[in-house]
Asker: 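So that we are looking at the same thing, I have put the structure below in structure tokens.
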Amino acid sequence: MMKANPIENRSSIGPVLIIFISSILAAGTITSLYLDAGIYVIAAVLGLAVISLNIFKAKYWLYSIILTSPLFISSSDEGVSVIEVAVGGYWLVSLYIWILYHVIIGRKKVVNNSADFFILFFFVVVLLTNYFFSYHNDIEFLVWFREVSQLSLILFYFPFRDIIKTREDVINTIKVFIFASLFNYAWMAYQSYQNLQNIKLLWELGFLKRSNLFMLVITTIGALIAYVYTEKKLTRIFVLLYLMFSTALLISTLARAFWLVTIVGAIILVYFFENKYRVRYLVHSITIMATITMGIILFGGSTGDLVITYFQNRAQSVTKGTQDVSLQSRLDEYETTSQYIKRFPLGGYGFKSAIPSYNIIHGTTNYITFVHNGYIFFSFVVGIPLAIVYFLFYLLFLKRSIELSLLSKDILIRGIGVLTFIGMLSYLAVNFLTTLHTDRDFLFTLPILLACFSAVENIWKEENASSAQLRQ
């Protein structure tokens, strides 16, 4: 007989009391980190957390996180809003409650493999030691906690992994994710349109805000996979429109690194598709890109001309190598940070610690807390050993996903496996040029992607084991 899900059944006073106290403390802390929003934000966070974990089923909690994502991910240019604080607080409070009740009190087993161990070990060590290094560099606790708590959204992978179990769970989660992403992308498209209307000079395009980069890579590659495998006409039309929308938005970000990993990912797909799907894939991919390009040229007006020219300049700058000014600036940034890492290679300097760095583009020296290289950044803030532990989490998922993609012939399992492989490869590649740990879309998309992968991986293992028993 299956045991009842403890999230779905709350009858004792103990768990309710734990949730009530934890919510009050967490909500108060989170609110103070952002703004003085008063009792309204605290009440909203507390109410949503208690409702989701005491009345609704666990899957509804998962869906509530996904459906509220546009309110948290699609931040405005006017700073942090009350809605962002409330939704972000709800996410963190409900996550911490899950960890408190299931892991610390319930002693639930959460480590199923080496990747699970490494990411948990990373956060435990960071929570126990990292602030001492930040404090030594005059970083206030609340500033440090805000950075670490946002990064901890990655830990949603654990509850999501326990909720998403069956094929139906995976498919429903993807559907809800796509539905929420449409709102997120619609707002992004509106903001991009508004910003582009104010662009008069070419150089101004370089200062446009870029968001949803990792999510756009995943949805674009995912839509390519879905479009090739889907046979139902109406579904194919929807997937095609979604694919074109996602691709157009990715192009509009003018982020070369993410263009490149998406193109590489699209090329990798050719290898995994069976022969009968390859021709369809190549023909439609070329058609889609030609359609989007022609749309920009024909309907973009003067702004479209600027975008095309900027695109050409960005593409040409890649061929300049170290002569590219933006690359020179980043190489100087890497060199400066590396010198600091050599002084304290084991423990690092702590999150939000700042160092002076010369900007060759503007000719000024500024204090920076962000490094355009994830490997150097994490080595700087947590030390080289713990940085290795952090990236082992992604490398192990990279290994498992390529193995599953090669072994499975099932469309759903192979599709999720290939998407995860390209997602991990993209993340590890992009980290040479930027750091995604502060990008909300990355922190939101990653746990869902890895939870879905873990589900199909387990399904494949169970189905293989059943087939082996039948053959015996």
Side-chain angles (χ1 to χ4, degrees), residues 118-119 121-123 125-126 129-139 143-144 146-148 150-152 154 210 213-214 217 255-258 260-261 264 317-318 320-362 364-398 423-443 446:
F118 284 127
I119 196 66
F121 180 81
F122 170 82
F123 277 103
V125 175
V126 165
T129 66
N130 190 256
Y131 179 65
F132 293 104
F133 299 103
S134 294
Y135 177 78
H136 181 73
N137 289 287
D138 300 322
I139 305 301
V143 174
W144 173 87
R146 177 181 175 179
E147 185 85 354
V148 174
Q150 181 163 284
L151 180 63
S152 71
I154 293 173
R210 298 182 177 94
L213 295 172
F214 184 77
V217 173
R256 289 173 295 177
F258 291 88
L260 183 60
V261 294
V264 172
S317 69
V318 175
K320 296 180 181 179
T322 55
Q323 300 303 313
D324 182 17
V325 177
S326 62
L327 180 58
Q328 289 179 11
S329 175
R330 294 194 179 187
L331 290 174
D332 290 342
E333 181 182 276
Y334 301 162
E335 177 62 26
T336 301
T337 311
S338 297
Q339 293 301 319
Y340 277 84
I341 293 173
K342 290 177 182 178
R343 299 177 190 175
F344 297 101
L346 297 180
Y349 290 78
F351 281 98
K352 298 304 289 183
S353 294
I355 57 173
S357 178
Y358 178 75
N359 189 315
I360 191 174
I361 298 176
H362 299 102
T364 58
T365 298
N366 303 309
Y367 279 86
I368 60 172
T369 60
F370 178 91
V371 182
H372 291 86
N373 183 302
Y375 304 105
I376 294 176
F377 169 81
F378 276 96
S379 297
F380 172 71
V381 296
V382 300
I384 295 175
L386 205 55
I388 293 173
V389 169
Y390 177 75
F391 286 107
L392 278 173
F393 174 70
Y394 301 95
L395 286 169
L396 288 170
F397 269 102
L398 180 73
M424 294 302 95
L425 190 64
S426 299
Y427 172 71
L428 293 169
V430 165
N431 260 277
F432 284 103
L433 297 172
T434 189
T435 303
L436 295 180
H437 80 285
T438 58
D439 290 4
R440 296 176 184 178
D441 69 286
F442 167 73
L443 298 171
L446 179 73

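Only this structure's heavy atoms are used, side chains among them; waters, hydrogens and symmetry mates stay out.
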Asker: Please give me the minimum heavy-atom distance between Ser353 and Ser134, naming the atom from each residue.
Answerer: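 Smallest interatomic distance, heavy atoms only, reads OG-CA, 4.1 Å.
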
Asker: Please report the interatomic distance CZ(Phe380) to CZ(Arg343), rounded to the nearest 0.5 Å.
Answerer: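 It is 10.0 Å, given to the nearest 0.5 Å.
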
Asker: Considering only heavy atoms from C-beta outward, does the side chain of Tyr375 approach that of Tyr390 to under 4.5 Å?
Answerer: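 Side chain of Tyr375 against side chain of Tyr390, heavy atoms only: no contact under 4.5 Å found.
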
Asker: Between Asn431 and Tyr394, is any pair of side-chain heavy atoms under 4.5 Å apart?
Answerer: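 Answer no - side chains too far apart.
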
Asker: Determine, using ring centers only, whether Phe344 and Tyr340 are less than 6.0 Å apart.
Answerer: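 Distance test on ring centres: not under 6.0 Å, no.
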
Asker: Please find the pair of heavy atoms, one from Val371 and one from Ile376, that lie closest to each other, and give the distance.
Answerer: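 So the two residues come closest at CG1-CG2, 4.1 Å.
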
Asker: For residues Phe378 and Ile388, determine if any side-chain heavy atom of one lies less than 4.5 Å from a side-chain heavy atom of the other.
Answerer: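 With C-beta onward as the side chain, the pair stays apart.
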
Asker: Side chains of Leu398 and Leu425, heavy atoms from C-beta outward: is any pair under 4.5 Å?
Answerer: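 Yes, side chains in contact.
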
Asker: If you round to the nearest 0.5 Å, how far is CZ of Phe118 from CG of Leu392?
Answerer: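 The distance works out to 5.0 Å.
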
Asker: Report the residues that fulfil ring-ring contact (aromatic ring centres under 6.0 Å, His included) with Phe442, sequence neighbours left out, ordered by chain and then residue number.
Answerer: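 ring-ring contact (aromatic ring centres under 6.0 Å, His included) check on Phe442 returns Phe214, Tyr427.
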
Asker: Looking at Val382 and Ala387, what are the two nearest heavy atoms and their distance?
Answerer: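 Closest pair (atom of Val382, atom of Ala387, distance): CG2-N, 3.7 Å.
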
Asker: Rounded to the nearest 0.5 Å, how far does CG of Leu151 lie from CZ of Phe122?
Answerer: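 Here the rounded value is 5.5 Å.
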
Asker: Can you confirm whether Phe121 is buried at CZ, in the sense that more than 12 heavy atoms of other residues, nucleotides or ligands lie under 6.0 Å from that atom?
Answerer: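 Atom CZ in Phe121 is not packed in, count stays at 12 or less.
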
Asker: Is any side-chain heavy atom of Ile139 less than 4.5 Å from a side-chain heavy atom of Phe351?
Answerer: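 In short, these two side chains do not touch, never coming nearer than 4.5 Å.
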
Asker: Identify the two heavy atoms, one from Thr336 and one from Pro356, that lie closest to each other, and give their separation to 0.1 Å.
Answerer: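 Minimum heavy-atom contact is CG2-O, 3.2 Å.
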
Asker: Using 30° and 60° as the class boundaries, would you call the ring planes of Phe370 and His437 parallel, tilted or perpendicular?
Answerer: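 Parallel.
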
Asker: Check for a donor-acceptor pair, side chain of Gln150 on one end and backbone N or O of Thr438 on the other, with a separation under 3.5 Å.
Answerer: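 Side chain of Gln150 to backbone of Thr438: a pair is present.
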
Asker: Judged by atom type as modelled, is there a donor-acceptor pair below 3.5 Å linking the side chain of Asn137 to the main-chain atoms of Tyr349?
Answerer: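 Yes, because the side chain of Asn137 sits within donor-acceptor range (under 3.5 Å) of the backbone of Tyr349.
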
Asker: Is a side-chain donor or acceptor of Asn373 paired with a backbone partner of Thr434 at a separation under 3.5 angstrom?
Answerer: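 Checked: no pair found.
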
Asker: For Tyr131 and Tyr135, take the angle between the two ring planes, folded into 0 to 90°, and tell me which bin it lands in: parallel under 30, tilted 30 to 60, perpendicular over 60.
Answerer: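 The rings of Tyr131 and Tyr135 sit tilted, inter-plane angle from 30° to 60°.
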
